[in-house]
Asks: 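Sharing a structure below in structure tokens format, with a few things to ask.
Note that the coordinates shown come from a computational prediction; the quantities given were computed from them, not determined experimentally. Ligands are counted one by one from 1 in listed order, and the atoms in each one are counted from 1 as well.
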Amino acid sequence: MPEREEKLAASLTGTTPEIIPYLPYLLQDLWYLGSSPADMAELIRTYTDLGTDAEVLDLACGKGAPAVELASAFHFSVKGIDLMEAFIEEARQAAEDAGVSHLCTFVHGDAEEEVRREVPHDLVLFGAAGDVLGDRAAMLKKLSNVMKPGGWLIIDDVYSEPGASEGLPKREWERLMQEHGLSLVAEKLVDEASLQRELQEQLTRISRRAEELSQQEPEKRPLFEEYVASQRAEGEALEHEWTGVTMLLKKR
Ligand SMILES: C[S@@+](CC[C@H](N)C(=O)[O-])C[C@H]1O[C@@H](n2cnc3c(N)ncnc32)[C@H](O)[C@@H]1O
């Protein structure tokens, strides 16, 4: 359980589980929590023949941005799962506001438990959720278990640049995919300039909320400042050590 809490905090760039109760407040101004639904939609439109009857699973769905936007664009039925209850409530409201609540089911739960059920889907989304399902090899194995043969997977993650302290280079990703019966069909690399602009805006919003919390709970100021610092460090790693990528994979 403590490991799950640590991974939960880390998936939202926290360095300690102590930050978890404050995350809904700190991230209240953000709707996109890492992945790009527009890039996902472009890959689906260009490379797949998924129809309106497609069953989609969004693991670690956050506030539901990918689920809601793909349900709106393609009329897919999407089930989203996330461990943050407040995010699930926001996702339900967002689906309602977008007029797709009949297509979206959002569940408060653990992605690990969902993959253990091994119910196969036409399309699985795993957006910006890092180590939530273990290292990249374990993650690909678990994701493959919830895909139909010939089914699709979209992962939003990073390719590491030479010399990076963390992450996998593209050739290592491809080796792992091969091992798990998956092929990389297409990818969309992030546009560095617009990503940096977006991250800067997010950092400004998060910093403002962190300052509000620090004023309400002065003894916790170091915790909130550390959170802002880790957000800034992630932005720097994305600039220098990693390339953000949305990958489309097919199961053989
Ligand atoms: C960076 S966010 C990405 C959210 C979403 N996929 C998106 O791109 O907007 C990572 C998400 O993983 C969720 N998470 C972390 N551990 C989880 C777990 N064990 N089960 C389900 N969700 C989890 C967090 O609550 C958070 O919403």
Asks: Hey, does the side chain of T16 reach the backbone of E18 with a donor-acceptor pair shorter than 3.5 angstrom?
Replies: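 Such a contact is found between T16 side chain and E18 backbone.
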Asks: For atom 20 (N) of ligand 1, find the nearest protein heavy atom and state the residue, atom name and distance (0.1 Å precision).
Replies: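 The closest one turns out to be A111 N, 2.8 Å.
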Asks: Are any of the N or O atoms of F87 closer than 3.5 Å to those of ligand 1?
Replies: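 No; the residue has no nitrogen or oxygen that sits under 3.5 Å from a nitrogen or oxygen of the ligand.
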Asks: In terms of atom number and element, which parts of ligand 1 are under 4.0 angstrom from non-hydrogen atoms of L12?
Replies: 2 (S), 24 (C), 25 (O), 26 (C)
Asks: Should E187 and K170 count as an ion pair when the cut-off is N to O under 4.0 Å?
Replies: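 Between K170 and E187 there is a salt bridge, with a charged N closer than 4.0 Å to a carboxylate O.
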Asks: Below a 4.0 angstrom heavy-atom separation, can you tell me which part of V132, side chain or backbone, both or neither, approaches ligand 1?
Replies: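 Only the side chain of V132 comes within reach of ligand 1.
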Asks: Any salt bridge linking D110 with R4? Criterion: basic side-chain nitrogen under 4.0 Å from a carboxylate oxygen.
Replies: yes
Asks: Starting from atom 15 (C) of ligand 1, what is the nearest protein heavy atom, named by residue and atom, and what distance separates them?
Replies: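 Looking only at protein heavy atoms, the one closest to atom 15 (C) of ligand 1 is S11 OG, 3.3 Å.
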Asks: Treating R92 as the side-chain partner and F106 as the backbone partner, does any N or O pair qualify as donor plus acceptor under 3.5 Å?
Replies: yes
Asks: In the protein, which heavy atom is nearest to atom 26 (C) of ligand 1, and how far is it?
Replies: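 Answer, as residue, atom name and distance: D82 OD2, 3.5 Å.
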Asks: Which residue and non-hydrogen atom of the protein lie closest to atom 22 (N) of ligand 1, and at what distance in Å?
Replies: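 Protein heavy atom with the smallest distance to atom 22 (N) of ligand 1: L83 N, 3.2 Å.
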Asks: Quick check: does D58 get an N/O under 3.5 Å from an N/O on ligand 1?
Replies: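 Not met; the criterion fails.
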Asks: If we only consider heavy atoms of G109, is any one of them less than 4.0 Å away from an atom in ligand 1?
Replies: yes
Asks: Under 4.0 Å between a Lys/Arg side-chain N and an Asp/Glu carboxylate O for D131 and K7?
Replies: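 No, no charged N to carboxylate O under 4.0 Å.
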Asks: Atom 9 (O) of ligand 1: which protein heavy atom is closest, and how many Å away?
Replies: L33 N, 3.4 Å
Asks: Looking only at heavy atoms, which two atoms of S165 and E241 are closest? And how far apart?
Replies: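 Answer, listing the atom of S165 first, then E241: N-OE1, 3.1 Å.
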Asks: How close does the nearest protein non-hydrogen atom get to atom 19 (N) of ligand 1, and which residue and atom is it?
Replies: D110 OD1, 2.9 Å
Asks: Are any of the side-chain nitrogens in K142 or E112 under 4.0 Å away from the carboxylate oxygens of its partner?
Replies: yes
Asks: Looking only at protein heavy atoms, which one is nearest to atom 4 (C) of ligand 1, and what is the separation?
Replies: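 Nearest protein contact, heavy atoms only, for atom 4 (C) of ligand 1 is A60 O, 3.4 Å.
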Asks: Answer yes or no for A65: is there a heavy-atom contact with ligand 1 below 4.0 Å?
Replies: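 It does not, in that no heavy atom of A65 comes within the 4.0 Å cut-off of ligand 1.
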Asks: At under 4.0 Å between heavy atoms, is it the side chain or the backbone of D156 that contacts ligand 1, or both, or neither?
Replies: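 Contact part for D156 vs ligand 1: neither.
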Asks: Please write down residue, atom name and distance for the protein heavy atom closest to atom 3 (C) of ligand 1.
Replies: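 Its nearest protein heavy-atom neighbour is G127 O, 3.4 Å.
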Asks: When you check the gap from the basic side-chain N to the acidic O, do R117 and E114 get nearer than 4.0 Å?
Replies: yes
Asks: Looking at K251, is its backbone amide N or carbonyl O close enough to the side chain of W152 to form a donor-acceptor pair, meaning the two atoms are under 3.5 Å apart?
Replies: no
Asks: Check whether any N or O atom of S35, backbone or side chain, sits under 3.5 Å from an N or O atom of ligand 1, and answer yes or no.
Replies: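 Yes, there is a polar N/O contact under 3.5 Å.
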Asks: Any nitrogen or oxygen of L59 lying under 3.5 Å from a nitrogen or oxygen in ligand 1? Just yes or no.
Replies: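 In this structure, L59 places no N or O atom under 3.5 Å from an N or O of ligand 1.
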Asks: Any N or O on R4 sitting closer than 3.5 Å to an N or O of ligand 1?
Replies: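 Between R4 and ligand 1, no N or O pair is found under 3.5 Å apart.
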Asks: Does atom CD of E166 have more than 12 heavy-atom neighbours from other groups under 6.0 Å away?
Replies: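 No.
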Asks: If the threshold is 4.0 Å, N to carboxylate O, is there a salt bridge linking R136 and E172?
Replies: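 Salt bridge absent between R136 and E172.
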